[in-house]
Amino acid sequence: MPGTRIDEILTMARWKRLLRPRDLSARQISREHLRRACEQGLIERVGRGLYQLPGAPLSENRSLIEVCCRSPSGVICLLSALRFHNLTTQNPPDVWLALESSAYVPRIDTISLRVVRFSGDSLTAGIQKTTTTSGRVRVYSAAKTVADCFKCRGKIGVDVAIEALRDCLQQRKASVSDIVHYARICRVERIMSPYLEAML
């Protein structure tokens, strides 16, 4: 029986990439089996409450994946989303995470978080669920990220928002109508319009 349970853990680790103890609880696998798998070197602990197969490939999005694992309701946003979509040359030291106003902020020892509180459609619109080689990421689409940058221009700077808009259009990451759609949701259509008109 223990061998079977450990095999199940290994199968889950191959599929999910990053594994949490609560993922095992959903399948009624005890943490004792996870501990045994670690002792046997079949699974390794890579962070607080996070496990993976030994030698699993690391991706540049590893910190984003870890944050998404630890915050199931959070969405990668702003500078981190720009980096994910290759819309900036910056490599932000923090992971930017959008959360609802009352949502719990996860504590992650190895990652610095910058939390932005969104609500309503600003929180729920434009979410993409992307599977990478190392796991899953919940991140706002390129068009929604550009609108968010204008909405949060006081936090990240107007120049970053303008650069994001220009790069998004030049790289054809989103259509003008998509950008305008999310600008309306984020209530920044009037602010963004002059910049958008100048670039078209």
Practice task
Take atom CD of Glu39 as the centre, draw a 6.0 Å sphere, and report whether it contains more than 12 heavy atoms from other residues, nucleotides or ligands.
Solution key: yes
Exercise for the section: Answer yes if Ile127 and Leu99 sit in the same cluster of Ile, Leu, Val, Met, Phe, Trp and Tyr residues linked by side chain heavy atoms under 4.5 Å apart, and no otherwise. Expected result: no
Completion exercise
side-chain contact (heavy atoms from CB on, under 4.5 Å) with Ile162: of Met192, Arg153, Met199, only one passes, and it is Met199
Completion exercise
When rounded to the nearest 0.5 Å, the distance separating CZ of Arg70 from CD1 of Ile65 is 15.0 Å
Handout entry: Derivation of the side-chain contact (heavy atoms from CB on, under 4.5 Å) call for His181 and Lys144
Key = CA-CA 9 Å; His181 169 72; Lys144 171 66 162 54; over 6 Å; no
Handout entry: Electrostatic pair Arg5-Glu8, nearest N-O below 4.0 angstrom
Key = yes
Practice task
Show the numbers, then the answer: is there a side-chain contact (heavy atoms from CB on, under 4.5 Å) between Arg136 and Cys69?
Solution key: CA-CA 8 Å; Arg136 295 178 183 174; Cys69 280; over 6 Å; no
Exercise for the section: Sort and list the pairs that fulfil ring pair (Phe, Tyr, Trp, His ring centres under 6.0 Å) and have at least one residue in residues 87-128, not counting sequence neighbours. Expected result: none
Handout entry: Contact check, side chains of Ser80 and Leu64, non-hydrogen atoms, under 4.5 Å
Key = yes
Practice task
Kindly work out whether a path of hydrophobic side-chain contacts (I/L/V/M/F/W/Y, heavy atoms less than 4.5 Å apart) joins Tyr195 to Leu82.
Solution key: no
Practice task
Might you point out which heavy atoms bring Leu42 and Leu10 nearest each other, and give the distance in Å?
Solution key: O-CD2, 3.6 Å
Practice task
Tell me who clusters with Ile185, hydrophobic residues only, linked when side chains sit under 4.5 Å apart either directly or through other members.
Solution key: Tyr182
Exercise for the section: Mark yes when over 12 heavy atoms from residues, nucleotides or ligands other than Arg187 sit less than 6.0 Å from its CZ; otherwise mark no. Expected result: no
Practice task
Kindly indicate whether the side chain of Ser73, heavy atoms from C-beta on, has any atom under 4.5 Å from the side chain of Glu100.
Solution key: no
Practice task
List the steps and the verdict of side-chain contact (heavy atoms from CB on, under 4.5 Å) for Thr88 and Glu163.
Solution key: CA-CA 8 Å; Thr88 181; Glu163 180 188 30; 4.2 Å; yes
Problem - CD-CD1 distance between Glu66 and Ile111, expressed to the nearest 0.5 angstrom - result: 4.0 Å
Handout entry: Donor-acceptor under 3.5 Å (Tyr140 side chain, Leu123 main chain)
Key = yes
Exercise for the section: Without swapping roles, check the side chain of Thr11 against the backbone of Asp7 for a donor-acceptor pair under 3.5 Å. Expected result: yes
Exercise for the section: Assess whether side-chain contact (heavy atoms from CB on, under 4.5 Å) is satisfied between Ile29 and Leu34, documenting all intermediate values. Expected result: CA-CA 8 Å; Ile29 300 172; Leu34 181 61; over 6 Å; no
Completion exercise
Separation between OG1 (Thr145) and CD1 (Ile179), nearest 0.5 Å, reads 10.5 Å
Fill in the blank from the handout: Rounding to 0.5 Å, atoms CG (Leu97) and CZ (Arg117) come to a distance of 9.0 Å
Exercise for the section: State yes or no: do Val137 and Leu113 share one hydrophobic cluster built from I, L, V, M, F, W and Y residues joined by side-chain heavy-atom distances below 4.5 Å, directly or via other members? Expected result: yes
Exercise for the section: Please answer whether the main-chain N or O of His85 pairs with a side-chain N or O of Lys173 as donor and acceptor at a distance below 3.5 Å. Expected result: yes
Practice task
Spell out, yes or no, whether Val180 and Val146 are grouped together once hydrophobic residues are joined by side-chain heavy atoms under 4.5 Å, including indirect joins.
Solution key: yes
Problem - Ser71 and Pro106, any side-chain heavy atoms less than 4.5 Å apart - result: yes
Handout entry: Backbone of Glu189 reached by a side-chain donor or acceptor of Arg184 within 3.5 Å
Key = no
Exercise for the section: Measure the spacing between SG of Cys168 and CG of Asn86 and express it to the nearest 0.5 Å. Expected result: 12.0 Å
Completion exercise
CD1 of Ile6 to SG of Cys38, rounded to nearest 0.5 Å, is 9.5 Å
Practice task
Only one of Leu78, Leu165, Leu79 passes side-chain contact (heavy atoms from CB on, under 4.5 Å) with Val160; say which it is.
Solution key: Leu79
Fill in the blank from the handout: Heavy-atom closest pair (Val116 atom, Cys77 atom, distance to 0.1 Å) is CG2-SG, 4.3 Å
Problem - Nearest non-hydrogen partners of Cys149 and Ala164, listed with the distance - result: SG-CB, 4.4 Å
Practice task
Tell me whether Phe150 is reachable from Leu200 by hopping between hydrophobic residues (I, L, V, M, F, W, Y) whose side-chain heavy atoms are closer than 4.5 Å.
Solution key: yes
Exercise for the section: State, with a plain yes or no, whether a side-chain heavy atom of Val95 is found less than 4.5 Å away from one of Ser112. Expected result: no
Fill in the blank from the handout: Of all heavy-atom pairs linking His33 and Ser30, the shortest is ND1-OG, 2.9 Å
